[in-house]
2 protein chains.
Amino acid sequence: MTASTRLQTTATQEVHLLGRFTPQRAIVLEALIEAEEEDGFVSAQSLHARLLSADLPVGLSTVYRTLSALAEAGRADVVRDMHGERLFRYRPGSDHRHYLICTECGVSLPLDAVAVEKWAAGIARTSGFTAVRHTVELTGICPDCGPSAGGSPQG
Amino acid sequence: MTASTRLQTTATQEVHLLGRFTPQRAIVLEALIEAEEEDGFVSAQSLHARLLSADLPVGLSTVYRTLSALAEAGRADVVRDMHGERLFRYRPGSDHRHYLICTECGVSLPLDAVAVEKWAAGIARTSGFTAVRHTVELTGICPDCGPSAGGSPQG
DNA sequence: CAAGAGTTGGTAATGATTGTCATAATCTAT
DNA sequence: ATAGATTATGACAATCATTACCAACTCTTG
Ligand SMILES: [Mn+2]
Ligand SMILES: [Mn+2]
Ligand SMILES: [Zn+2]
Ligand SMILES: [Zn+2]
């Protein structure tokens with residue numbers, strides 16, 4: 001079983017969470033899973049462009065719809081980059097995660113955010129608000145992109 | 001000394017942090033301070049509209065420039081609403097703050113986020129990343145907008 | 001096959017934000 | 001105060017992600 005086949009299998013299974021199975025949804029989900037392993041977060045626009053250049057012409061509308069549905073179903077994390085553009089990342093598990101993202105290269109590091117979850121839960125309990133949700137994102141410059149790593153890291 | 005005069009005094013002093021003093025910058029800063037006391041966060045668009053209807057026709061470009069400069073100078077907090085629009089809030093102090101914002105009416109509640117600050121500082125220290133910054137926003141439905149306070153609670 | 005519900009994708013519309021640049025205002029040095 | 005250098009303003013156009021629209025298409029069911 002090739003890596004490509006394994007991806008397709010995963011995608012085929014999970015697409016049903018969004019309703020009817022369609023080739024387009026499978027393609028988008030596959031691409032999102034691939035992107036997670038390679039680049040971390042991806043935008044709808046860049047994912048669409050990637051599909052076009054891979055001769056998998058899925059409509060931009062469908063890419064947006066599928067990614068939004070995945071996020072809605074809790075199968076993708078969503079963050080906003082410095083320009084307000086929405087970035088998506090496939091999430092295998094069921095709990096949401098928080099990330100430290102390099103503003104230079106986009107590499108993302110999943111964080112242990114137990115402390116934040118507890119803090120947010122406490123706020124939700126004591127504030128009087130209901131349906132409390134939270135957005136927690138860390139950004140910075142990763143070691144590879146940092147000052148002491150300019151141009152050629154180890155040569 | 002009227003409340004209006006007090007606002008103008010504050011604005012006049014702080015405008016200098018942005019460079020040259022101009023009437024437009026003072027107007028925008030005043031409006032931002034007023035908005036903080038009334039509505040909490042405001043968008044550049046709504047602030048601009050408010051100025052127009054108050055016969056203080058400051059250009060939209062200038063509103064954007066001034067609010068961005070204030071945020072850059074650390075005199076305003078910035079969050080993104082559900083649609084990605086940027087919302088600004090004047091910040092008297094020098095430390096940034098985090099808020100719990102009602103998605104229905106927009107009322108905002110400043111939070112004690114010491115736990116989050118420590119957590120974020122720990123990540124910054126142990127991750128290898130530099131220039132680490134964080135975004136932490138809580139959203140929910142405030143007591144006034146909640147289920148037991150809706151249009152006709154008991155009916 | 002026929003009807004109905006769901007899906008796609010091209011295109012147009014939306015709407016916030018930014019770029020441009022001629023004009024106007026502010027600051028500084030005389 | 002005045003001239004000149006510097007900076008700011010604002011009308012307008014451009015950008016660009018996202019959404020709305022809708023006719024054509026694909027299943028499923030009977
Ligand atoms: Mn969380
Ligand atoms: Mn903080
Ligand atoms: Zn990096
Ligand atoms: Zn409310």
Side-chain angles (χ1 to χ4, degrees), chain A residues 11-12 14-32 35 41-73 76 78-89 106, chain B residues 11-32 35 41-73 75-76 78-89 106:
Chain A
T12 299
E14 303 228 350
V15 161
H16 292 293
L17 295 175
L18 308 183
R20 203 175 268 179
F21 172 90
T22 69
Q24 290 90 342
R25 287 176 174 172
I27 289 172
V28 171
L29 183 49
E30 275 180 46
L32 184 65
F41 285 92
V42 287
S43 68
Q45 296 284 350
S46 65
L47 201 63
H48 178 244
R50 189 178 306 199
L51 293 179
L52 287 190
S53 58
D55 276 302
L56 296 169
V58 178
L60 179 59
S61 303
T62 298
V63 173
Y64 269 104
R65 277 191 295 247
T66 304
L67 291 178
S68 296
L70 285 170
E72 189 70 20
V78 185
V79 301
R80 281 187 190 282
D81 71 5
M82 139 188 50
H83 305 317
E85 190 175 358
R86 278 161 35 132
L87 305 181
F88 299 82
R89 173 168 175 164
Chain B
T12 299
Q13 295 169 332
E14 303 224 357
V15 162
H16 292 292
L17 295 176
L18 309 183
R20 283 184 183 171
F21 174 91
T22 69
Q24 290 89 343
R25 285 175 173 172
I27 289 173
V28 171
L29 182 50
E30 277 181 45
L32 184 65
F41 285 91
V42 287
S43 68
Q45 296 284 350
S46 64
L47 201 65
H48 177 245
R50 188 178 306 196
L51 293 179
L52 289 190
S53 57
D55 277 301
L56 296 169
V58 178
L60 180 59
S61 302
T62 299
V63 174
Y64 269 104
R65 278 190 294 245
T66 304
L67 291 178
S68 296
L70 284 170
E72 188 70 20
R75 309 306 312 186
V78 186
V79 301
R80 283 187 189 279
D81 71 4
M82 141 190 46
H83 307 317
E85 190 175 0
R86 275 156 42 124
L87 305 180
F88 299 83
R89 173 168 177 164

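These numbers come from a predicted model, not from an experiment. Proteins get letters first, then strands, A, B, ... in listed order; numbering begins at 1 in each.
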Inset, instruction - Enter the distance from A:Leu32:CG to A:Glu14:CD here, rounded to the nearest 0.5 Å. - result: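 Going from the CG atom of A:Leu32 to the CD atom of A:Glu14 covers 10.0 Å.
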Inset, instruction - Spell out yes or no: do the side chain of B:Ser43 and the base of C:dA16 have one donor N/O and one acceptor N/O closer than 3.5 Å? - result: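 Answer no: no donor N or O sits under 3.5 Å from an acceptor.
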Legend entry - Under 3.5 Å donor-acceptor pair, B:Arg86 side-chain atoms to C:dT17 base atoms: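 No, the side chain and the base share no sub-3.5 Å donor-acceptor pair.
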Legend entry - Nearest listed nucleotide, side chain of A:Arg25, among C:dT7, C:dA25, C:dG9: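 Among C:dT7, C:dA25, C:dG9, the one nearest the side chain of A:Arg25 is C:dT7.
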Legend entry - Closest to side chain of B:Thr22, choosing from C:dC27, C:dT8, D:dT9: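 Between C:dC27, C:dT8, D:dT9, the one nearest the side chain of B:Thr22 would be D:dT9.
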Legend entry - Below 4.0 Å: OP1/OP2 of C:dT7 and any side-chain N or O of A:Gln24: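 Result: no.
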Inset, instruction - Ignoring backbone atoms, test whether B:Thr62 places a side-chain nitrogen or oxygen under 4.0 Å from the OP1 or OP2 oxygen of D:dG10. - result: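 Yes, within the criterion.
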Could you tell me the separation between the [atom1] atom of [X] and the [atom2] atom of [N], rounded to a whole number of Å?
| X | N | atom1 | atom2 | answer |
| --- | --- | --- | --- | --- |
| A:His83 | D:dA17 | NE2 | P | 10 Å |
| B:Arg65 | C:dC21 | CZ | P | 14 Å |
| A:Gln45 | D:dT15 | CD | P | 15 Å |

Legend entry - Earlier contact from the 5' end, DNA chain D, for B:Val58 and A:Ser68: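 Result of the comparison: B:Val58.
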Legend entry - Pairwise 5' ranking along DNA chain D for A:Pro23 and A:Ala44, keeping only the more 5' one: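 Comparing both residues, the 5'-ward one is A:Ala44.
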